[in-house]
There are 2 protein chains.
Amino acid sequence: MASSTEGNTRPIRLADIAKAAGVSHGTASNVFSRPEIVREEVRERVKAAAEAMGYAGPDPKGRLLRAGKVNAIGVATTEPLSYFFDDPFARAMMAGISQACDATGAGIALVSAGNEEKLAWNIQSALVDGFILFCIEGGSRLVELTRERKLPFVALELGFDDDTVSAIGVDNVAGARLAAQHLAELGHRRFAVLALPFADGSTGLVSPEKVRTALYTGTRDRLVGYFEAFSRYGVDTAGIPVYETENDEASTRAGLETIFASAEPPTAIVAMSDRIAMIAIEWLAARGIAVPGDVSVVGFDGVPDAAICDPPLTTVAQPIAEIGRRAARSILDFDGTVRRETLGVELVVRASSGSPPKTA
Amino acid sequence: MASSTEGNTRPIRLADIAKAAGVSHGTASNVFSRPEIVREEVRERVKAAAEAMGYAGPDPKGRLLRAGKVNAIGVATTEPLSYFFDDPFARAMMAGISQACDATGAGIALVSAGNEEKLAWNIQSALVDGFILFCIEGGSRLVELTRERKLPFVALELGFDDDTVSAIGVDNVAGARLAAQHLAELGHRRFAVLALPFADGSTGLVSPEKVRTALYTGTRDRLVGYFEAFSRYGVDTAGIPVYETENDEASTRAGLETIFASAEPPTAIVAMSDRIAMIAIEWLAARGIAVPGDVSVVGFDGVPDAAICDPPLTTVAQPIAEIGRRAARSILDFDGTVRRETLGVELVVRASSGSPPKTA
DNA sequence: AGCAAAATTTGAATCGATCCAACAAAGATG
DNA sequence: CATCTTTGTTGGATCGATTCAAATTTTGCT
């Protein structure tokens with residue numbers, strides 16, 4: 001009722017207001033992108049026309065095509081989107097990524113898809129300048145898909161031997177060594193390992209065979225670290241049960257059942273993630289097994305939750321936020337080179353680890 | 001070295017491979033977007049050319065301009081980006097939004113900016129089909145800015161009287177009434193209210209004046225609900241201290257100091273958010289004031305954390321995820337109408353509320 | 001007024017795809 | 001053999017802006 005152009009069907013373009021104001025596209029464009037170079041009188045006229053016609057401002061879709069840069073970075077995973085808001089590790093990582101993006105004014109686009117087909121499409125059609133990949137399950141496929149986009153990308157956790165992909169991760173061997181050594185120094189000699197996946201879709205006790213052919217080198221490296229430290233203390237690593245979990249409740253519990261069904265259950269558990277460790281603590285508590293009185297538990301990751309669980313978790317802390325910041329920056333100021341960074345980790349001793357029980 | 005086009009500076013376009021394969025760009029386009037309609041022999045030829053030239057696939061930037069739809073929804077706030085991963089309420093909301101987006105394969109773009117100027121730019125240039133607005137502080141400005149984009153958008157929490165903006169929220173009056181009534185029924189008669197902001201940037205005890213002119217109607221409505229229930233139980237609401245916080249630790253503590261400096265401190269606190277309530281519980285515990293022995297606390301929101309804090313928080317639970325899902329869907333299947341939905345809330349009684357102390 | 005320098009404005013080219021009406025070729029039908 | 005289908009291919013138009021060399025207008029100065 002107010003303006004006469006009510007009920008219009010097509011959104012107003014820059015060209016429309018240029019015509020209305022009696023100037024060229026070029027000038028109209030300048031009014032919005034570099035107002036200082038157009039004469040005031042003209043500028044006001046164009047702005048007035050825009051106002052009158054209900055122009056929404058230069059459409060970023062158009063600008064984008066010309067400019068080439070989206071000014072957003074994509075964060076991708078094969079997990080559902082809610083993973084980014086649920087998982088403590090992901091959240092800590094996102095906090096770091098957010099910081100770097102905030103600092104430069106870049107946006108974040110969350111990309112994910114349950115099924116393979118949708119994932120491919122989502123990766124292919126994401127409007128971003130580069131990707132940060134959360135390589136959980138199906139990480140190799142994710143890398144493959146992303147590589148086809150020919151955009152800069154960086155994998156979180158050096159899950160791959162492939163030296164042609166940029167990655168940021170931690171020294172898994174050293175970190176695992178720290179955890180194992182800590183327990184050995186406390187006097188433990190009977191251990192069990194709750195591992196992350198060695199390959200997609202399998203769980204259960206793992207053979208040395210499997211370890212050697214592990215798809216995920218991160219998992220393998222942590223195991224190597226554990227075993228290195230154990231051997232140094234004279235423990236026969238061949239006798240240590242290594243149970244491959246899927247980093248979830250079901251498989252971790254199954255692993256614990258298996259491990260504690262043994263005649264000589266361990267006095268210490270090394271878990272390859274805090275998630276696993278916390279599930280283990282809960283399981284042990286439910287069985288009336290004291291932590292760390294009867295069994296000590298050491299995690300890996302250093303997620304914030306680990307500090308406030310009961311008992312607080314001894315763990316190998318990764319600089320999660322820092323990894324996130326670096327990952328984001330490596331995309332934001334991409335220089336065309338492959339970059340593989342390895343950050344240090346730190347043993348954080350809390351209350352979930354202690355001396356083994358006397359009676360053992 | 002392998003292919004002759006090494007060291008090229010310009011990325012390969014669809015037109016390039018069309019020429020190389022000796023077909024029109026129309027056909028080349030079809031090879032990628034509707035492969036079934038092009039003859040197999042041609043299709044293979046084009047694909048081979050693409051492969052050989054290292055074509056990254058149709059660039060979404062180009063497609064976008066033509067198609068018009070981005071297939072992503074923007075979630076905006078004036079808080080820093082990390083807010084989405086830190087704040088429990090935001091996280092629960094994002095989980096709901098994620099679900100809806102996952103279901104339709106839409107992406108999520110996070111938009112935020114500390115300062116006004118960047119915010120404006122980020123909103124203006126976000127590549128999205130619509131916005132979901134987290135109207136925390138500075139919500140009105142956010143709405144204004146977003147309105148200019150002329151894209152569908154929906155405000156979370158009906159923070160505004162403005163009937164021209166779509167919004168999804170809960171019945172604040174009813175929810176608050178529930179909380180207050182619960183406490184009154186337990187026998188409490190001396191109350192204090194820890195409120196959310198009535199307007200930007202102010203804190204402290206609020207006058208009835210301020211309540212009437214509240215910018216945020218959500219805050220006002222909750223207060224109305226509280227007072228309604230209190231009056232029904234014969235409590236003089238004029239005597240109830242209402243302290244406006246900024247929903248953070250500092251202002252909440254300041255509020256508690258003020259409230260408990262009184263000669264007749266309350267036996268029950270109604271907090272307008274779980275965040276405030278949990279901060280209050282912590283503050284009370286630190287003072288040696290038992291919850292709910294000496295003072296009962298009731299929150300608002302129903303964030304997941306409220307169930308696991310100590311003591312578990314009695315609160316008015318909003319269907320947070322459901323709000324998120326609806327918000328996302330209202331953008332995804334936008335029909336051009338303004339929609340204002342009000343969802344119901346539910347009182348969840350846990351351990352932070354009980355009878356008032358006998359001695360009081 | 002006359003002219004060079006400075007300030008503005010113009011309009012065509014470009015970004016990278018998709019869409020579609022028109023056309024061509026091959027196959028089916030009477 | 002002429003005509004109608006069916007199946008594939010073509011090339012121009014379009015999406016909505018930005019850019020830049022060239023054209024035009026202003027301004028400054030003598």
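Here is how names work: the chains are called A, B, and so on, in the same order as the sequence lines, proteins then strands, and each is numbered from 1.
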Close N/O contacts between protein and nucleotides 9-11 of chain C (under 3.5 Å):
from    : atom 1 : to       : atom 2 : distance (Å)
dT9(C)  : OP1    : Arg39(A) : NE     : 3.2
dT9(C)  : OP1    : Arg39(A) : NH2    : 3.1
dT9(C)  : OP2    : Arg39(A) : N      : 3.2
dT10(C) : OP2    : Ser24(A) : N      : 3.0
dT10(C) : OP2    : Ser24(A) : OG     : 3.3
dT10(C) : OP2    : Thr27(A) : OG1    : 2.9

Say whether, by atom type as modelled, one donor and one acceptor occur between the side chain of Thr27(B) and the main chain of Val23(B) under 3.5 angstrom.
no
Expressed as a whole number of angstroms, how long is the span from Glu40(B):CD to dT7(D):P?
16 Å
Tell me whether Asp129(A) contacts the main-chain N or O of Asn71(A) through its side chain, where contact means a donor paired with an acceptor under 3.5 Å.
yes
Give a yes/no on whether any side-chain N or O of Arg66(B) is located under 4.0 angstrom from OP1 or OP2 of dT14(D).
no
Return yes if the base of dT18(D) and the side-chain atoms of Arg63(A) contain a donor-acceptor N/O pair under 3.5 Å, otherwise no.
no
Nearest-Å distance for atom pair NZ/P, residues Lys61(A) and dA17(C):
18 Å
Taking only side-chain nitrogens and oxygens of Tyr55(B), does any of them come within less than 4.0 Å of OP1 or OP2 of dA17(C)?
yes
Roughly how many Å is it from CG in Leu127(A) to P in dA17(C), rounded to a whole number?
13 Å
Ignoring backbone atoms, test whether Ser29(B) places a side-chain nitrogen or oxygen under 4.0 Å from the OP1 or OP2 oxygen of dT18(C).
yes
Interatomic distance where CZ belongs to Phe32(A) and C1' belongs to dT19(D) [whole Å]:
17 Å
Taking the minimum atom-to-atom distance to the side chain of Leu65(B), which one of dG16(C), dT19(D), dA17(D) wins?
dG16(C)
Rounded to the Å, how far apart are Glu41(B) CD and dT7(D) C1'?
15 Å
For atom NZ of Lys19(B) and atom C1' of dG16(C), their distance in whole Å:
14 Å
Do any N or O atoms from the side chain of Lys19(A) and from the backbone of Leu14(A) form a donor-acceptor pair under 3.5 angstrom?
no
Rounded to the nearest 0.5 Å, what separation is found between the CZ atom of Phe134(A) and the CD1 atom of Ile132(A)?
7.5 Å
How many Å lie between CD on Gln124(B) and P on dG16(D), as a whole number?
18 Å
Take atom CG of Leu64(A) and atom C1' of dT18(D), then tell me their distance rounded to the nearest Å.
12 Å
Sub-4.5 Å side-chain heavy-atom contact between Val75(A) and Met93(A):
no
Under 3.5 Å side-chain donor-acceptor pair for Ser29(B) and Arg34(B)
no
Thr104(A) and Arg329(A): side chain donor to acceptor below 3.5 Å:
no
